[in-house]
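Report on the following structure.
Reminder, nothing fancy here: chain letters follow the sequence lines and each chain counts from 1.
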Number of protein chains: 2
Amino acid sequence: MTEGPTITTIAQRAGVSIASVSRVLNGLPTREDTVRRVMRAADELGYVPNSVARSLRNRRTDQIAFAMADIGNPVYVAMVREIQPLLKEAGYRLLIHSTDGEAEDELGVLRGLRERYVDGLIISPLRGVTEEHIEAIVAARAPVVVIGSLPDDMPQGALVDNVRTDSRTGVRLALDHLHAIGRRRIGFLNGPLDTVPGAARAAAYREALEALGLPYDEDLVEVGDFYRDSGASAARALLSRVPGVDALMCANDLIALGALDVLREQGRDVPGDVAVVGMDDTDLASVTWPTLTSVSLGSAERGRAAAGLLLDRLQNGPREPRVVVVRPSLTIRGSTTLPGTSPGGAR
Amino acid sequence: MTEGPTITTIAQRAGVSIASVSRVLNGLPTREDTVRRVMRAADELGYVPNSVARSLRNRRTDQIAFAMADIGNPVYVAMVREIQPLLKEAGYRLLIHSTDGEAEDELGVLRGLRERYVDGLIISPLRGVTEEHIEAIVAARAPVVVIGSLPDDMPQGALVDNVRTDSRTGVRLALDHLHAIGRRRIGFLNGPLDTVPGAARAAAYREALEALGLPYDEDLVEVGDFYRDSGASAARALLSRVPGVDALMCANDLIALGALDVLREQGRDVPGDVAVVGMDDTDLASVTWPTLTSVSLGSAERGRAAAGLLLDRLQNGPREPRVVVVRPSLTIRGSTTLPGTSPGGAR
DNA sequence: CAGCAGTCTGTAAACGTTTACGGCCGGATG
DNA sequence: CATCCGGCCGTAAACGTTTACAGACTGCTG
């Protein structure tokens with residue numbers, strides 16, 4: 001396996017020093033004649049600079065990592081889809097880490113920053129930012145953007161920006177809508193309470209009910225996992241316990257899919273008998289039948305914001321940490337509107 | 001910004017040479033006493049090796065890239081989902097390149113191999129492997145796995161393995177099934193003919209009809225793009241031209257989604273009036289209503305195979321190029337089976 | 001006690017760049 | 001003609017590792 005040409009090879013062929021070669025290739029001022037000879041030699045040899053050597057010398061890798069729980073989750077796909085072109089545009093390559101939501105893996109990625117194989121990191125920790133996460137971020141001395149919530153008491157040295165959404169308001173939007181279309185017995189299918197989204201949504205559901213003057217009823221709440229199967233089981237349990245439920249608020253779209261499966265199986269009309277709202281507004285929401293009303297937490301926008309913050313720090317150097325909050329919105333579709341009825345109309 | 005400790009720092013603190021430090025850290029035989037001192041110093045300093053310097057010296061980056069048209073496409077997501085854990089297991093990091101299917105971007109990635117920022121590449125070129133692709137692969141001198149079809153006349157020097165599927169057989173499976181449930185006027189909604197999948201599926205459709213003894217009718221074929229909107233337009237056009245069509249074969253699941261939209265809008269029963277078959281068997285297929293019968297081209301399996309081939313080459317050195325062919329299969333769902341009817345039954 | 005084998009360690013080179021520094025040469029100036 | 005200045009260029013060091021090689025030391029043998 002012949003090794004490729006290096007600047008030394010070019011220097012020999014062009015009869016100049018490696019310093020001149022480097023200068024020419026980097027466009028530094030050089031005599032016309034030298035430029036031509038170097039360019040010629042480089043072309044003939046088909047020279048391509050070695051990015052590893054360059055990284056070592058320049059102390060930058062032009063790589064950025066994105067770490068999330070599961071690349072199979074449409075929410076993260078939406079983020080990657082926004083992040084990738086922004087990074088490419090700015091000359092960075094993208095590394096992907098799927099952590100399965102394991103804190104251990106997340107920490108591994110954060111600690112990996114010290115190996116200096118990336119210039120920065122965007123991370124979305126599923127179970128929140130622990131003491132250990134923070135330590136690792138501080139020790140990394142590389143810019144990090146956390147998508148999700150961050151403790152208030154971040155230490156000074158941490159080069160960390162934050163992008164978050166307001167799922168509280170998101171749940172509120174959904175319940176207001178359900179209330180507006182006349183629903184009063186609104187069930188809630190949540191994910192695990194020891195995840196950040198799970199805990200936040202649980203609290204938000206309670207609050208929203210209160211704001212609407214509806215009673216909180218334990219029987220209307222079911223906790224499972226963030227998957228379709230689990231959503232189906234939860235829906236089945238809830239429906240048999242409280243047959244009169246007239247709406248289901250689901251903590252994400254996958255759970256809502258499971259709920260739709262069960263409602264169809266039981267022959268209950270959606271939204272006639274039971275209205276359903278999902279959360280995350282993934283691509284799936286427009287595919288189901290009926291199509292799924294869903295709270296958009298702005299995945300794409302969060303991805304864009306995170307990439308923007310990171311690039312800003314990399315390009316413009318240190319500054320005060322920033323927080324970007326993305327406002328949720330409600331996308332109303334068929335699972336809460338009877339055909340021919342306007343979205344806001346009563347039932 | 002304090003720079004982190006290097007082996008030099010450790011060497012000073014431990015009172016030994018950097019060579020000894022390196023030996024200890026790499027587990028080479030060393031006197032007990034020295035080991036202890038080095039380990040102690042490394043711990044106290046919180047040393048982490050610099051992966052860039054290591055890469056430069058070792059001539060390997062422990063990174064692998066995956067290049068595909070669009071990370072938003074569920075087919076590629078399925079592949080990434082399989083590839084990532086295999087690479088992680090083998091100690092490689094994963095880089096993602098979304099090329100938008102632009103030949104220029106694909107070539108950019110291939111040429112990038114010469115910059116040596118990755119040890120290998122998995123690529124899925126949307127519009128086929130051109131002369132230029134091949135040149136770049138040969139020049140790369142790094143192992144490449146192509147997912148998709150590869151010309152027969154690859155030059156000797158190319159370190160390239162190949163994973164492909166047999167979409168011909170896939171289309172055949174679908175048409176056999178449609179024929180078996182009594183459909184005779186089977187329309188075909190295809191993607192662009194200048195893409196590899198588009199061309200292959202067009203030919204396969206013709207062949208399959210012939211094998212079934214059905215006439216080929218131009219009016220039954222519509223060419224658009226591989227997206228949902230485009231699938232809808234195509235379906236609309238086809239249905240108005242040939243109202244009596246009793247089945248729609250779609251070149252991918254997204255097109256099939258569009259077709260389902262239109263059929264619902266026109267009040268035609270699926271599968272009663274028109275049966276629908278998609279292709280790729282993505283997650284979407286189990287979400288639609290009715291759920292979508294779809295030809296699985298084994299995305300996950302192709303991803304696994306590609307990662308396996310690449311790792312094999314990286315770990316065991318040069319060998320003859322290999323080709324893995326993944327057999328398609330048909331996943332039968334609601335869009336071709338009347339409730340209560342067994343899948344194979346007549347209409 | 002000389003010689004020798006065997007361990008362990010340190011020096012230095014190498015991986016392929018970028019860049020500080022000083023030298024050389026030309027022309028312009030006094 | 002001596003001096004100075006500016007523009008180019010080459011030498012060498014640096015980035016942080018790994019590793020070939022040779023030297024130092026130990027303890028043993030004859």
Mind checking what makes salt bridge (charged side-chain N to carboxylate O under 4.0 Å, His left out) contact with B:Glu104, not counting sequence neighbours? none
Nearest-Å distance for atom pair CD/P, residues A:Gln12 and D:dT11: 12 Å
List the atom of A:Pro197, the atom of A:Leu126, and the distance in Å for their closest heavy-atom pair. CD-O, 3.9 Å
Rounded distance (Å) that lies between atom P of D:dC9 and atom CG of A:Leu28: 12 Å
When rounded to whole Å, the CG to C1' distance for the pair A:Asn26 and C:dT19 reads 10 Å
Taking CZ from A:Arg37 and C1' from D:dC9, how many angstroms apart are they, rounded to a whole number? 11 Å
Minimal non-hydrogen separation, A:Val21 against A:Val16, with atom names: CG2-CG2, 3.8 Å
Measure CZ/A:Arg60 against P/C:dT18 and give the value in whole Å, please. 12 Å
Has B:Glu132 got more than 12 heavy atoms of other residues, nucleotides or ligands less than 6.0 Å from its CD? no
Identify the heavy atoms of B:Arg127 and B:Val196 that sit nearest to each other, and give their distance. C-CG2, 3.6 Å
Under 4.0 Å: is that the gap between some side-chain N or O of A:Ser22 and OP1 or OP2 of C:dT17? no
Take nucleotides 8-16 of chain C nucleotide by nucleotide from the 5' end and write B, S or -, depending on whether a protein heavy atom sits under 4.0 Å from the base, only from the sugar-phosphate, or from neither. SBBB-BBBB
Taking every heavy atom of B:Leu56 against every heavy atom of A:Val52, the minimum-distance pair comes out as N-CG1, 3.5 Å
